[in-house]
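Below is one structure; the comments refer to it alone.
Side-chain atoms are counted along with the backbone in the values below, which use heavy atoms only and exclude waters and symmetry mates.
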Amino acid sequence: MCILSYIFHPVVPKSIEYGFLLPSPDKWDFNPFWSWMVNTLLLLLTSLLLFFVNKSYNFVRTTEPSLLALFLIMSTSGPWFTEGLNSSVLICLANVVCLGIIFDSYDSRNATQEMFTLGLVAGMGGMVQYGFFPMGILYFLWSLFMKVMRVKEVLAYIAGLLCPYWIFIGIGWLSFSDIHYPSLTPMFSYIQDPSELIILLTGISLAAILGFIISMVNSIKLYAGNSKVNAMNLCVISMGVMSLLCIILDFENMSAYVETLYLATAVQIANICALWNPREPWMVTVFPGVCYIGLFACSLFL
């Protein structure tokens with residue numbers, strides 16, 4: 001799907017992406033081929049990290065490959081995320097890394113290093129894409145879910161968040177006048193050719209509906225199970241909710257959050273196999289998989 005996106009060069013919907021201090025990946029002066037290659041490798045890296053995070057912390061307790069299969073299909077279902085290096089893939093990769101960090105700190109007596117690292121990721125990411133800022137709020141909330149929110153952890157997180165700006169501005173590479181402030185554009189107030197957005201909006205809507213319904217079904221067993229597994233899945237669910245809210249409130253920059261929404265939905269669908277033990281687990285992935293492959297085909301030929 002990544003290769004076909006590169007060959008066919010589909011029309012990508014207009015988006016305005018920038019960071020608080022530096023241009024976003026979409027604005028970087030990359031050779032088109034290398035931009036596509038780096039983006040494809042980052043998608044593969046994200047899926048591999050997701051595999052190892054789940055293998056280490058077992059937040060989706062199944063040996064079925066449904067999690068990675070669905071994530072790869074959904075994440076490559078549109079040219080907006082596969083044609084070249086983009087913010088959505090970077091944010092999704094950062095979120096997987098941060099999930100592994102926060103999972104490792106569950107009920108820890110000292111999680112200052114982990115919280116500083118989460119703040120550093122959010123701070124550095126925000127420099128090139130302001131979509132990292134709401135994820136930074138989310139990382140802070142994760143410390144509450146994972147029982148590590150204390151005064152020293154809060155201070156460590158704030159220090160990590162401000163550290164990149166302190167360094168760049170302090171050594172004179174950038175100044176306060178270089179700071180860009182986002183102008184949020186709510187849904188339906190941004191006028192654009194609907195033909196460029198209908199496929200992307202269909203994919204987002206399908207992920208949101210499936211994610212909501214399945215998370216409600218899974219919560220029946222999750223909340224009655226292991227508290228650590230419950231907390232880890234709550235982190236993933238909150239990630240999907242935050243992504244959907246950002247898509248609605250920051251419609252013009254919505255593509256930056258879509259890959260993370262797809263990741264959260266893929267986890268919920270995979271959890272059906274783990275929690276409900278269907279007779280044919282592979283059947284769970286057929287419907288969403290076919291739908292997103294169909295959306296990809298539409299993006300190429302319509």
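By the neighbour-count criterion of 12 heavy atoms within 6.0 Å, atom CH2 of Trp34 is sparsely surrounded, having that number or fewer from other residues, nucleotides or ligands. Within a 6.0 Å sphere centred on CE of Met124, other residues, nucleotides and ligands contribute 12 heavy atoms or fewer. Within a 6.0 Å sphere centred on CG of Leu41, other residues, nucleotides and ligands contribute more than 12 heavy atoms. More than 12 non-hydrogen atoms from other residues, nucleotides or ligands lie less than 6.0 angstrom from OH of Tyr165. Annotation for Phe133: atom CZ does not count as buried by contact number, only 12 or fewer foreign heavy atoms lying within 6.0 Å.
The closest side-chain donor-acceptor pair between Asn253 and Gln129 falls under 3.5 angstrom.
The closest side-chain heavy-atom distance from Val236 to Met239 is below 4.5 Å. Taking 4.5 Å as the limit, every side-chain heavy atom of Thr76 sits out of range of all side-chain heavy atoms of Tyr292. Between Trp80 and Ile199, some side-chain heavy-atom pair lies under the 4.5 Å cut-off. Residues Leu222 and Leu275 are in side-chain contact: their nearest non-hydrogen atoms beyond the backbone lie under 4.5 Å apart. With contacts defined as side-chain heavy-atom distances shorter than 4.5 Å, the pair Tyr257/Pro134 qualifies. Side-chain atoms of Met232 and Met146, non-hydrogen and from C-beta on, do get closer than 4.5 Å to each other. Using a 4.5 Å heavy-atom cutoff, the side chains of Tyr262 and Ser77 are in contact. Counting only heavy atoms from C-beta outward, the side chains of Leu161 and Phe140 never approach each other to under 4.5 Å.
A donor-acceptor pair under 3.5 Å is absent between the side-chain atoms of Trp166 and the main chain of Ala159, judged by distance alone. For the pair Ser75 (side chain) and Leu72 (backbone), a donor-acceptor distance under 3.5 Å is present. No donor-acceptor pair closer than 3.5 Å links the side chain of Ser35 to the backbone N or O of Pro32. In this structure a side-chain-to-backbone donor-acceptor pair under 3.5 Å is present from Asn95 to Ile91. For Glu153 (side chain) and Ala111 (main-chain N/O), a donor-acceptor pair under 3.5 Å exists by modelled atom type. When atom types are taken as modelled, the side chain of Thr82 and the backbone of Gly78 share a donor-acceptor pair closer than 3.5 angstrom. Of the possible donor and acceptor atoms, one in the side chain of Asn218 sits under 3.5 Å from a partner among the backbone N and O of Gln268. Although no hydrogens or angles enter the test, the distance criterion places no donor-acceptor pair under 3.5 Å between the side chain of Tyr157 and the main chain of Leu118. Under the 3.5 Å distance criterion, the side-chain polar atoms of Asn233 are matched with a main-chain donor or acceptor of Val229. The main-chain N or O of Thr112 is never found under 3.5 Å from a side-chain atom of Arg150 such that the two would form a donor-acceptor pair.
Of the inter-residue distances, the one linking Met149 atom CE with Leu141 atom CG reads 6.5 Å to the nearest 0.5 angstrom. Note that OG of Ser299 and CG of Leu200 are 10.5 Å apart. Values are rounded to the nearest 0.5 Å. Note that CG of Leu93 is 10.0 Å distant from OG1 of Thr260, once rounded to the nearest 0.5 Å. Between the OG atom in Ser47 and the CG atom in Leu70 there is a gap of 13.0 Å [rounded to 0.5 Å]. Within the model, atoms CG of Leu138 and OG of Ser238 stand 4.5 Å from one another, a figure rounded to the nearest 0.5 Å.
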query = Would Tyr139 and Trp142 satisfy ring pair (Phe, Tyr, Trp, His ring centres under 6.0 Å), going step by step from the backbone distance to the final call?
reply = CA-CA 5 Å; Tyr139 301 159; Trp142 284 355; 5.2 Å; yes

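Across all non-hydrogen atoms, the minimal contact from Ala231 to Tyr106 is CB-CE1, 4.1 Å. Across Ser5 and Leu300, no two heavy atoms sit closer than the pair CA-CD2, 4.4 Å.
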